[in-house]
Amino acid sequence: MNGDAAEAPAASSPAGASAVLLVFAKAPVPGRVKTRLAADVGAAAATAVYRVMGRTVVDAVRVGPWRTVVCYHPPDALAEVRAWLGGELDYWPQQGHDLGARMDQALRRALASSSRACLIGTDTPRVDAARVDEALVALEAADVVFGPAEDGGYYLLALRQPAPELFRRIPWGTSRVLARSTARAAAAELSVALLPPLADVDTVSDLASFPDLARTIDGTGGLAP
């Protein structure tokens, strides 16, 4: 699918915005999202949680002094993702052989037309516009801004220039992601700023801090047998 053809008008993006916010999202297909959570609650319930989280994050960040772009995966899921998250946003298909390559490509594309780019996922329900703004402000004094996740990953990454070294040989999906990424930044002589940590939702135990999401599971039939 051609990426440019997949874009929709950016009603939420102020004219001349100097920043792009990239929201990475997967199509909410049972069995393909929140697989660790699904092991405890079932694929349908895990997908319901993911749908609520994704919409919560997008609604919290869609308006700001930035252009909001949903980067969706797989590339043929535009219609489904747009129906889920709203047609007024811009949409780019993720492109690359793994998560790191897809993040690098999206950030390069954003920075080709803007002076700052911020990337977030849809696994951290408490990410909001204030946190994105904090990251963009932090870029005034740092080359790279990370929002650490409590599980050892990160929920946010902001850059002023492409930094492909941040995405190579990273053990995605492990507790070593942030540590390895900051080490890559140090090796490249990039200054780093860290935001306050936030909790991701990956397992059923993570839901203890998110009662609204737990109720979503109850509404889909409770824990899987």
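If you read the sequence from its start, that first residue is 1, and numbering goes on from there.
- Tested against Val70, the residues Asp90, Thr122, Val81 include a single side-chain contact (heavy atoms from CB on, under 4.5 Å) partner, Val81.
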Next item on the list: Could you go through the side-chain contact (heavy atoms from CB on, under 4.5 Å) check for Val145 and Val192 one step at a time?
Entry: CA-CA 6 Å; Val145 180; Val192 172; over 6 Å; no
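- In plain terms, the two heavy atoms of Thr47 and Pro30 that are nearest each other are OG1-CA, 3.1 Å.
- Residues Pro171 and Arg180 meet the side-chain proximity criterion, which asks for heavy atoms closer than 4.5 Å.
- A heavy-atom distance below 4.5 Å is not found between the side chains of Leu156 and Leu119.
- A pairwise comparison of heavy atoms in Pro148 and Leu195 identifies CD-O, 3.1 Å as the closest pair.
- Nearest heavy atom pair, residue Ala158 against residue Leu139, reads O-CD2, 3.6 Å.
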Next item on the list: Kindly determine whether Leu198 and Val127 satisfy side-chain contact (heavy atoms from CB on, under 4.5 Å), including the steps that lead there.
Entry: CA-CA 8 Å; Leu198 290 176; Val127 175; 4.0 Å; yes
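- For the atom pair Asp212 CG and Leu207 CG, the distance stands at 11.0 Å (nearest 0.5 Å).
- In this structure, Lys34 contributes its side chain and Val201 its backbone to a donor-acceptor pair below 3.5 Å.
- Closest non-hydrogen pair, Arg82 versus Tyr91, comes out as CA-OH, 3.5 Å.
- Looking at Arg176, its side chain never comes within 3.5 Å of a backbone N or O of Gly153 through a donor-acceptor pair.
- With rounding to the nearest 0.5 Å, the separation of CG in Asp104 from CZ in Arg108 is 4.5 Å.
- Between Pro196 and Arg131, the closest side-chain pair of non-hydrogen atoms falls below 4.5 Å.
- Ring centroid separation for the pair Tyr72 and Trp84 does not come in under the 6.0 Å cut-off.
- Listed by first then second residue, pairs satisfying side-chain hydrogen bond (donor to acceptor under 3.5 Å, both in side chains) with a partner in residues 139-152 read Asp143-Arg160, Asp143-Ser191, not counting sequence neighbours.
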Margin query: As a quick check of understanding, evaluate side-chain contact (heavy atoms from CB on, under 4.5 Å) for Asp123 and Tyr50, giving each step before the final call.
Written below: CA-CA 8 Å; Asp123 296 325; Tyr50 183 69; 3.9 Å; yes
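- Heavy-atom contacts from other residues, nucleotides or ligands closer than 6.0 Å to CZ of Arg32 number 12 or fewer.
- For the pair Trp66 (side chain) and Val61 (backbone), a donor-acceptor distance under 3.5 Å is present.
- Between Phe24 and Leu99 there is a side-chain heavy-atom pair separated by less than 4.5 Å.
- When side chains are defined from C-beta on, Ser115 counts as touching Ser18, because their heavy atoms get closer than 4.5 Å.
- Annotation: side-chain hydrogen bond (donor to acceptor under 3.5 Å, both in side chains) contacts of Asp133 (sequence neighbours excluded): none.
- Within the structure, side-chain hydrogen bond (donor to acceptor under 3.5 Å, both in side chains) contacts touching residues 22-31 (residues at least two apart or in different chains) do not occur.
- Interatomic distance, Arg102 CZ to Leu22 CG, rounded to the nearest 0.5 Å: 13.5 Å.
- Side-chain contact check for Leu213 versus Pro125: some heavy-atom pair is nearer than 4.5 Å.
- Between Leu157 and Met103, the closest heavy-atom pair is CD2-CE, 4.5 Å.
- To the nearest 0.5 Å, atom CZ of residue Phe146 and atom OG of residue Ser181 are 5.0 Å apart.
- Under the 4.5 Å side-chain heavy-atom criterion for Ile, Leu, Val, Met, Phe, Trp and Tyr, Trp172 and Leu107 are members of the same hydrophobic cluster.
- Put simply, CG on Leu111 and CG on Leu159 are 6.5 Å apart, with the number rounded to the nearest 0.5 Å.
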Check: Could you walk me through whether Arg168 and Glu165 pass the salt bridge (Lys or Arg N to Asp or Glu O under 4.0 Å) check?
Finding: CA-CA 6 Å; Arg168 296 172 181 158; Glu165 57 271 24; 5.3 Å; no
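- Closest heavy-atom contact between Glu80 and Pro28: OE2-O, 4.0 Å.
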Notebook entry, point to check: Taking it one step at a time, do Leu37 and Asp202 satisfy side-chain contact (heavy atoms from CB on, under 4.5 Å)?
Noted result: CA-CA 6 Å; Leu37 179 62; Asp202 290 314; over 6 Å; no
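- With contacts defined as side-chain heavy-atom distances shorter than 4.5 Å, the pair Arg36/Val204 does not qualify.
- Each of Val69, Val132, Val58 was scored for a side-chain contact (heavy atoms from CB on, under 4.5 Å) with Val23, with one residue passing: Val58.
- Of the inter-residue distances, the one linking Thr56 atom OG1 with Phe210 atom CZ reads 10.5 Å to the nearest 0.5 angstrom.
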